[in-house]
Number of protein chains: 2
Amino acid sequence: MAIRPAEQLIHKAAWLYYAHGLRQDQVASQLNISRASVAMYLRKARETGIVNISTSTQLFTDDVMARKLEDALKLDAVWIAPENGYIPDPSTDIAVLAASVFLELVKKGDRIGVAWGRTVYTIADIMSYADLQDVTVVQLCGNLGAPYSYRPDQCTMEIARRLNAKGLNFYAPLVLSTEDLARALRAEPVIREQLAGISDCNLALFSVGTVDADSHVVKCGALNPDEMAALRGIGAAGVIAGQIIDARGEALDCSYNRRVISAELGSLRTIEKRLMVVQEDSKFEPLLAALAGGLCTHLVVGAHMAQRLLDHAGAAPQKAS
Amino acid sequence: MAIRPAEQLIHKAAWLYYAHGLRQDQVASQLNISRASVAMYLRKARETGIVNISTSTQLFTDDVMARKLEDALKLDAVWIAPENGYIPDPSTDIAVLAASVFLELVKKGDRIGVAWGRTVYTIADIMSYADLQDVTVVQLCGNLGAPYSYRPDQCTMEIARRLNAKGLNFYAPLVLSTEDLARALRAEPVIREQLAGISDCNLALFSVGTVDADSHVVKCGALNPDEMAALRGIGAAGVIAGQIIDARGEALDCSYNRRVISAELGSLRTIEKRLMVVQEDSKFEPLLAALAGGLCTHLVVGAHMAQRLLDHAGAAPQKAS
DNA sequence: CACGGCTCTCGACAAAAGTCAAACTAGGAT
DNA sequence: ATCCTAGTTTGACTTTTGTCGAGAGCCGTG
């Protein structure tokens with residue numbers, strides 16, 4: 001981006017090393033700098049996405065279970081993280097896979113919608129850098145005023161930064177105190193445009209939240225535990241981009257949802273590729289709800305969750321089309 | 001492709017090493033094998049395209065001269081290989097760049113037309129491996145019976161092999177002795193289908209040949225030096241996919257062209273992205289002819305050639321649109 | 001103009017990765 | 001059963017790469 005004087009050098013070093021296959025000392029003498037500098041340039045090249053090292057995620061879709069799930073759930077693609085077979089760091093395992101899958105799905109010129117949450121932020125955090133041009137990352141839902149980490153704008157910005165893309169933020173609170181105010185705010189040109197632009201996305205990244213007292217929306221103060229319990233009483237089954245959904249995967253008819261500034265599920269569904277990533281086993285019910293609502297087309301889950309989904313689909317199979 | 005038992009292991013090792021960032025010894029203990037084996041698996045992973053290491057070719061299009069050429073020649077993109085600035089191996093320089101550019105242009109599901117020649121073969125030869133699915137590489141022109149290297153089918157197959165793609169060969173001679181026979185052969189279902197399928201390609205890779213005694217088509221015996229001289233007399237300016245073109249970039253009206261089995265220039269032009277690569281400075285005139293005929297949309301050349309093109313465009317500027 | 005603060009660069013050392021020949025394995029042929 | 005070949009696997013060795021702290025250049029500031 002910036003025309004730093006070294007940018008040129010980094011690029012040349014990366015080119016000689018990775019494309020031509022020279023050794024670092026050969027590159028060093030070629031460019032008349034020390035080998036140590038070359039090593040440093042190469043690190044920078046990797047960090048800025050001038051060179052891209054990606055591993056195929058084939059193995060995780062080729063899996064028999066993944067194929068079965070694709071069929072059972074009628075999804076475009078499913079990736080299953082092994083979890084227990086070999087254990088590098090179980091917790092980040094799904095996130096690493098999700099990040100790779102995400103980078104595989106992104107193309108030049110894409111417009112990407114990004115939701116928020118711990119999962120999304122973790123993915124952003126471990127995602128490697130890429131040098132995509134003409135990519136725009138848009139925030140799918142309003143912000144949280146609270147100084148809570150994993151804020152929607154953070155997720156959006158971080159992913160934009162990693163991709164060397166433009167980040168389109170969204171300066172509205174996630175939830176307002178009255179429905180009138182929310183309506184008025186949604187009608188504001190800046191906000192309206194942003195919301196309208198969501199259906200122009202061709203890729204979305206999000207997770208699904210639980211509806212218990214541990215839920216993200218509760219922890220960040222958008223709802224208190226009692227309110228959440230009440231919502232659960234009237235059918236809340238999960239959280240998508242800050243909105244409560246019922247077991248059918250439709251927005252729950254409740255005051256909270258009407259006070260939220262976020263991508264409508266309808267416009268979300270118009271996005272071509274919707275990548276949903278689920279890390280915790282506790283998100284089984286919310287995941288079922290999201291799947292029922294056809295909210296995602298691409299899914300990344302752990303092996304255990306995959307098994308549960310498969311068992312569930314086997315026990316109560318979808319009506320054949 | 002083959003379901004070798006080790007494939008799984010290679011993939012796991014690559015995943016732990018490249019995606020999770022473990023060290024080789026950590027991967028080794030994780031998988032209960034020796035570190036030496038891990039090193040070997042990783043090499044295989046790179047060789048088979050399970051991991052992809054690519055360097056951005058930005059630098060070479062961002063170049064001022066490249067931008068000027070894009071404007072002057074009305075091309076979608078131009079890449080210029082430095083050549084003299086820093087010299088790793090001048091001769092392969094353009095080929096390495098071309099291979100990178102090519103890999104950047106290929107996408108899943110593509111259908112790729114490949115011509116032949118030393119340039120194309122060199123590119124195929126140094127191109128790194130990738131694991132693309134659903135890619136088909138089709139041969140753009142008939143084969144040469146002679147035991148000459150860089151045969152059309154070799155170029156096609158080699159590139160298909162590198163991409164892990166399907167190669168569609170073309171079992172007809174490049175040139176026949178009579179026009180009648182050529183016509184009859186073109187009407188054969190197998191051949192006709194292959195020729196018809198060329199317009200379905202969305203990416204083509206080719207170079208342009210000279211029309212002197214050193215020309216590829218002469219060296220491989222399709223034409224003898226005298227015939228070539230005669231063709232030059234009636235306006236031959238270059239060779240594209242085995243066909244003679246005139247200075248306007250149209251197929252020259254001659255017996256030879258009518259005896260050739262190859263992609264028609266018309267169907268070639270329907271291909272969305274046509275990457276032309278020119279290595280030798282001696283190909284200036286042929287290149288001009290090809291450019292005049294709008295035969296390519298993407299161009300990779302060396303710095304010296306780029307300068308000549310720019311000078312030429314400046315001296316005799318195209319009519320503004 | 002001297003002073004931090006800053007980034008960039010380098011030499012030297014430590015760590016990691018690549019390589020090779022020898023040992024081992026498995027399958028097929030005799 | 002025995003030999004042979006082709007392909008893996010490994011430990012030991014060499015080469016290549018990563019890293020760190022020291023030093024050099026550069027700029028704005030007091």
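Protein chains get the first letters and strands the later ones, always in sequence-line order, with residue 1 at the start of each.
Taking atom CD1 on B:I33 and atom C1' on C:dC24, their separation rounds to 16 Å, with Å as the unit. In this entry the distance linking CD1 of A:I10 with C1' of C:dC8 reads 11 Å, nearest Å.
Under the 3.5 Å distance criterion, with hydrogens and angles disregarded, no donor-acceptor pair is assigned to the side chains of A:N169 and A:D153. A:T119 and A:T122 share no side-chain donor-acceptor pair at under 3.5 Å. There is a side-chain donor-acceptor pair under 3.5 Å between B:Y18 and B:R46. No hydrogens or angles considered: a donor-acceptor pair under 3.5 Å links the side chains of B:T57 and B:W79.
Taking the side chain as every heavy atom from C-beta outward, B:L105 and B:H298 approach each other to under 4.5 Å. Using a 4.5 Å cut-off on side-chain heavy atoms (C-beta onward), B:V300 and B:M276 make no contact.
Contact annotation: A:K44 side-chain N/O to D:dG18 OP1/OP2 distance is not under 4.0 Å. An OP1 or OP2 oxygen of C:dC10 is reached within less than 4.0 angstrom by a side-chain nitrogen or oxygen of A:S37. Phosphate proximity of D:dT9 to B:Y41: present, with a side-chain N or O under 4.0 Å from OP1 or OP2.
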Could you go over nucleotides 17-22 of chain C and give all protein N or O partners under 3.5 Å, atom names and distances?
unit_1, atom_1, unit_2, atom_2, d
C:dA17, OP1, B:Y17, OH, 2.7
C:dA17, OP2, B:Q24, N, 2.9
C:dA17, N7, B:R35, NH2, 3.3
C:dG18, OP2, B:Q24, NE2, 2.7
C:dG18, N7, B:R35, NH2, 2.8
C:dG18, O6, B:R35, NH2, 3.4

